[in-house]
Q: 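I'd like to ask some things about the structure below.
Hydrogens, waters and symmetry mates play no part in the numbers below; they use all other heavy atoms, side chains included. Letters go in sequence order (proteins before strands), and every chain restarts at 1. Bear in mind the structure is a predicted one, so any value in this text is a computation, not a measurement.
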Protein chains: 2
Amino acid sequence: MEQRTRLNSDERRVAVRAAAIRVFAEKGFVAATTGDIARDAGVSQPYVIHLFGSKDALVADIVGYAIQRVVDAFVAAIDAHAPDELPAHIGAAYLGLFQEEEGLLLCLAHAFTAGADPTIGPLAREGFVRVYRTLVDQGRLSPEQAGQVLAAGMLSNVILGLQLPREYDDNQMVRDLLAAVYPGNVELFKNATAPRE
Amino acid sequence: MEQRTRLNSDERRVAVRAAAIRVFAEKGFVAATTGDIARDAGVSQPYVIHLFGSKDALVADIVGYAIQRVVDAFVAAIDAHAPDELPAHIGAAYLGLFQEEEGLLLCLAHAFTAGADPTIGPLAREGFVRVYRTLVDQGRLSPEQAGQVLAAGMLSNVILGLQLPREYDDNQMVRDLLAAVYPGNVELFKNATAPRE
DNA sequence: TTGACATGTTATCAATCAATCAATAATGTT
DNA sequence: AACATTATTGATTGATTGATAACATGTCAA
């Protein structure tokens with residue numbers, strides 16, 4: 001009748017990763033403490049360190065994971081849709097990631113501003129180029145199309161990072177901007193970001 | 001024959017602000033210490049605190065300053081060019097800010113990922129909307145045009161933050177991406193970011 | 001059942017950092 | 001020249017945080 005009280009280390013690592021994504025997304029890689037992540041994951045702070053070796057290693061793990069998720073989502077979209085509709089579908093796939101795991105894109109956004117960081121910088125550079133390569137090599141997008149897709153994605157990161165959708169009801173400008181940037185998809189964002197906790 | 005060894009507090013504040021922009025741009029608002037900024041500015045750490053009251057107040061000052069610079073640059077571009085060529089000229093004005101003060105756009109990028117921060121969040125949200133308003137109200141851009149201009153700007157922030165132009169010579173993909181995103185302006189970026197110090 | 005191993009915790013430390021305070025040294029004024 | 005004012009620093013501190021190590025507890029095979 002007793003439920004298991006312990007997970008094996010791989011399962012626990014997955015849980016801590018999910019917590020780390022939430023916390024890193026909200027506070028950034030530096031301000032987020034291993035204690036914050038531990039509390040979110042329901043384990044002790046030293047165990048977070050134990051599971052990943054160091055905070056830096058955890059950060060690297062998350063950045064790699066986030067980029068891989070983006071690449072996988074893009075490859076799936078490329079395989080599922082006709083070439084002429086690809087840009088729109090890839091954009092939708094990107095936003096789908098936000099729904100699946102809210103913090104993912106914000107972690108990416110944080111990584112993409114950390115080019116000078118010795119741990120994150122190389123990973124982020126390599127990852128960004130890898131995403132671009134995926135669009136051009138696998139998706140057969142022109143460099144211009146790929147650039148537009150990436151630009152739209154980076155704007156999405158900012159809109160989500162600023163929590164602008166929360167002002168949707170109160171601010172005409174925000175409504176116009178979201179309507180212009182996400183034609184037909186505004187509802188997605190209006191409900192996406194949870195009201196303040 | 002003696003040179004002045006002291007500046008008045010306003011002059012010193014300007015110098016410290018410039019240092020803060022450099023340091024914040026490189027390390028982010030959290031990882032950058034007041035000691036780092038003090039060293040860059042050539043003053044003591046306590047004096048940085050004294051001049052701005054607190055690190056938080058300094059951060060708020062910088063975010064407000066950066067946004068004001070963007071708005072001013074956009075207004076100048078709007079006043080100087082015909083409506084049909086505005087989007088391109090506004091994009092150029094944005095990149096011009098990078099040349100004038102390298103860290104400005106990176107500080108903005110950091111602020112735009114800090115929506116959950118109680119100090120930065122409100123300032124960044126308000127600032128972003130203010131920039132959008134400037135494009136729509138003063139520049140008479142359509143919401144769609146404004147969204148594209150902002151998207152291109154956010155992509156520029158990421159490209160600069162990742163220091164991708166440094167890989168221009170070594171990486172074909174980077175060359176293609178920069179050529180696609182900045183038609184005719186690639187040279188600007190190739191030389192922009194200083195080689196590693 | 002017992003022991004061995006993997007999962008976890010508590011206690012603790014060293015380092016870092018923003019902030020305070022008292023003291024000092026330029027500068028300008030009378 | 002003396003004085004008031006402003007700029008600036010050195011010394012210090014309390015709080016935070018990543019990491020370590022020693023210890024505890026759950027799980028499972030033999």
Q: C:dT7 phosphate, OP1 or OP2: any side-chain N/O from A:Arg12 under 4.0 angstrom?
A: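 Checking A:Arg12 against C:dT7: no side-chain N or O falls below 4.0 Å of OP1 or OP2.
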Q: Looking only at the side chain of A:Asn8 (C-beta and beyond, no hydrogens), which of the listed nucleotides C:dT7, D:dG18, D:dT9 gets closest?
A: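 Within the option list, the nearest is C:dT7.
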Q: Step through the shown structure and confirm whether more than 12 heavy atoms of other residues, nucleotides or ligands are within 6.0 Å of CZ on B:Arg133.
A: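 No, the 6.0 Å shell around CZ holds no more than 12 heavy atoms from other groups.
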Q: Can a donor-acceptor pair be found between the side chains of B:Thr134 and B:Arg130 at a distance below 3.5 Å?
A: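 Their side chains do not contain a donor-acceptor pair, so the 3.5 Å distance test is not met.
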Q: Among the nucleotides D:dA19, C:dT10, C:dA18, which one has an atom lying closest to any side-chain atom of A:Ser44?
A: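 Selected nucleotide (nearest to the side chain): C:dT10.
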Q: Assess whether a salt bridge exists between B:Asp36 and B:Arg39, defined as any Lys/Arg side-chain N lying under 4.0 Å from an Asp/Glu carboxylate O.
A: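 Looking at B:Asp36 and B:Arg39, the cut-off is met.
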Q: Send over the distance from B:Leu51 CG to D:dT8 C1', rounded to a whole Å.
A: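 That distance rounds to 9 Å.
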Q: Measure from the side-chain heavy atoms of A:Thr33 and tell me the nearest of C:dA19, D:dT17, D:dT8.
A: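 Shortest atom-to-atom distance from the side chain points to D:dT17.
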Q: Atom CD of A:Glu11 to atom P of D:dT27: distance rounded to whole Å?
A: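 After rounding, the reported distance stands at 12 Å.
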Q: Taking atom C1' of D:dA19 as reference, at what distance in whole Å does atom CG of A:Leu58 sit?
A: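 It works out to 14 Å between those atoms.
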Q: State plainly whether the residues A:Asp72 and A:Arg69 are in salt-bridge range, i.e. N to O under 4.0 Å.
A: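 No salt bridge links A:Asp72 with A:Arg69.
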Q: Specify the separation, in whole Å, of atom CG of B:Asp56 and atom P of C:dA18.
A: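 The answer, rounded to whole Å, is 11 Å.
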Q: Where the side chain of A:Arg6 is defined as all heavy atoms beyond and including C-beta, which of D:dT8, C:dA18, C:dT7 is the nearest nucleotide?
A: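 Closest nucleotide to the A:Arg6 side chain: C:dT7.
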Q: Hey, quick one: are B:Val30 and A:Phe29 part of the same hydrophobic cluster, counting side-chain heavy atoms closer than 4.5 Å, chains of contacts allowed?
A: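 In one cluster: no.
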Q: Considering only C:dA18, D:dT9, D:dT20, which nucleotide approaches the side chain of A:Ile49 most closely?
A: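 Of the options given, the side chain of A:Ile49 lies nearest D:dT20.
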Q: Phosphate oxygens OP1/OP2 of C:dT7: is one of them under 4.0 Å from a side-chain N or O of A:Ser9?
A: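 For C:dT7, OP1 or OP2 has a side-chain N or O of A:Ser9 closer than 4.0 Å.
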Q: Once you round it to whole Å, what is the distance between C1' of C:dT16 and NZ of B:Lys27?
A: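 Whole-Å distance recorded here is 12 Å.
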Q: Quick one: which of D:dG18, C:dG8, C:dA19 gets closest to the side chain of B:Lys55?
A: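 From the listed options, C:dA19 comes nearest.
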Q: Quick one: A:Gln45 CD to D:dA21 C1', roughly how many Å, whole number?
A: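 Rounded to whole Å, this separation is 13 Å.
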Q: Rounded to whole Å, how long is the line connecting atom CZ of B:Arg13 with atom P of D:dT8?
A: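 Distance, rounded to whole Å: 10 Å.
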Q: Just checking A:Ala32: base, sugar-phosphate only, or nothing, at a heavy-atom cut-off of under 4.0 Å?
A: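 Contact class for A:Ala32: sugar-phosphate only.
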Q: Starting at the 5' end of DNA chain D and moving along, which residue's nearest nucleotide shows up first, B:Asp10 or B:Pro46?
A: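 Taking each residue's closest nucleotide, the earlier one in sequence belongs to B:Asp10.
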Q: Taking the side chain of B:Tyr47 as heavy atoms from C-beta outward, which of D:dA7, C:dA19, D:dA19 is closest to it?
A: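 From the listed options, D:dA7 comes nearest.
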Q: In whole Å, what is the span from the CD1 atom of A:Ile37 to the C1' atom of C:dG8?
A: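 About 18 Å, once rounded to whole Å.
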Q: Scan B:His50 against the nucleic acid and name what it touches under 4.0 Å (heavy atoms): base, sugar-phosphate only, or nothing.
A: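 The answer is base, as B:His50 lies within the cut-off (heavy atoms under 4.0 Å) of a base atom.
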